[in-house]
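One structure is given below, encoded as structure tokens.
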Amino acid sequence: MARMPIIAGNWKMNKTPDEAVAFVRELTPMISHSDDVERVVAPTFLALAAVAAELRGSPVKIAAQDAHWESSGAFTSQVSVSMLAPLVDYVIIGHSECRAFLNETDENVNRKAQAVLAAGLKPIIAVGESLEQNEAGETVPFVRSQVRTALAGLAPKDMNNLVIAYEPIWAIGTGRSASGEIADDIIKTAVRDTVAELYGVDAAAAVRIQYGGSVKPENMEEFMAQPNIDGALVGGASLVADDFAALVEIASRVKGRRSASA
Ligand code: 13P
């Protein structure tokens, strides 16, 4: 089964609601023809409602950047999946910045994955090793353990409705990306093979896995040409409409037709 490529722009703490709306107004016509690629933007919580109103009827989908696993209660600062459900299709969880600044744990990522799926939304689960772990040769066991805990207790069919983003922390916002071949190797051995061990080869063949970390138009083709890489989770380049459109264009050219003919 061919996997539909997915390009998601994680805007992090960028763009006011007005700026976010102006941006999608500019971006949407540039990427609306690439129906063989799933196109997703992830504004801040504050901009979600305005962006959702602007994108109503558009092929461009929306992700939240986080969600709490409880539906309501005494959780100051948090937003629940049920609050997000009318506005978004995807929820990014486990981003390394949340792990670093908000003490996100693998166990909470798992709670969030379950809540997101139960609400009929799709989690984009981010995993990835630090520079120290990478240099110590710990990447594969570490990422495997992140994946195992994040996916604990899910069903094989859930693998059709979630995305895993492999984002080496040392490549995020640094301009220093993994090579396509190395990223593909880690994605295969640490992510796809782990899904196969947990949920079987069919689930592993179906799950979509993105690379993230300093993805830009200049290196996108190298990533998209890899057999195990199904798209990108993009920070900086997703804030520039021309770059976002170029990433979608490259994904469509390299993988789109194959996916559309499946
Ligand atoms: P950059 O593309 O800016 O390196 O960010 C990657 C990222 O963290 C996406 O979630």
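Counting starts at 1 for both ligands and their atoms, in listed order.
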Qualifying residue, where the test is salt bridge (Lys or Arg N to Asp or Glu O under 4.0 Å) with D106 and the options are R111, R99, K112 = R99
Report yes or no: do L247 and V24 belong to one cluster of Ile/Leu/Val/Met/Phe/Trp/Tyr joined by side chain heavy-atom distances under 4.5 Å?
->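 In one cluster: yes.
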Write out all pairs satisfying ring-ring contact (aromatic ring centres under 6.0 Å, His included) with one or both partners inside residues 91-142, taking only residues at least two apart or from two chains.
->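 Every pair satisfying ring-ring contact (aromatic ring centres under 6.0 Å, His included) with a residue in residues 91-142: there are none.
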Angle class for the F23/W11 ring planes (parallel below 30°, perpendicular above 60°, tilted otherwise)?
->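 Plane angle over 60°, so perpendicular.
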Among all residues two or more places apart in sequence or in another chain, which pass the ring-ring contact (aromatic ring centres under 6.0 Å, His included) test with F244?
->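 Partners of F244 by the ring-ring contact (aromatic ring centres under 6.0 Å, His included) criterion come out as none, since no residue qualifies.
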At a heavy-atom distance under 4.0 Å, which protein residues reach ligand 1? Sort them by chain and number, would you?
-> N10, K12, H95, E167, A171, I172, G173, G213, S214, L233, V234, G235, G236
Across all chains, not counting sequence neighbours, the salt bridge (Lys or Arg N to Asp or Glu O under 4.0 Å) partners of D185 are none
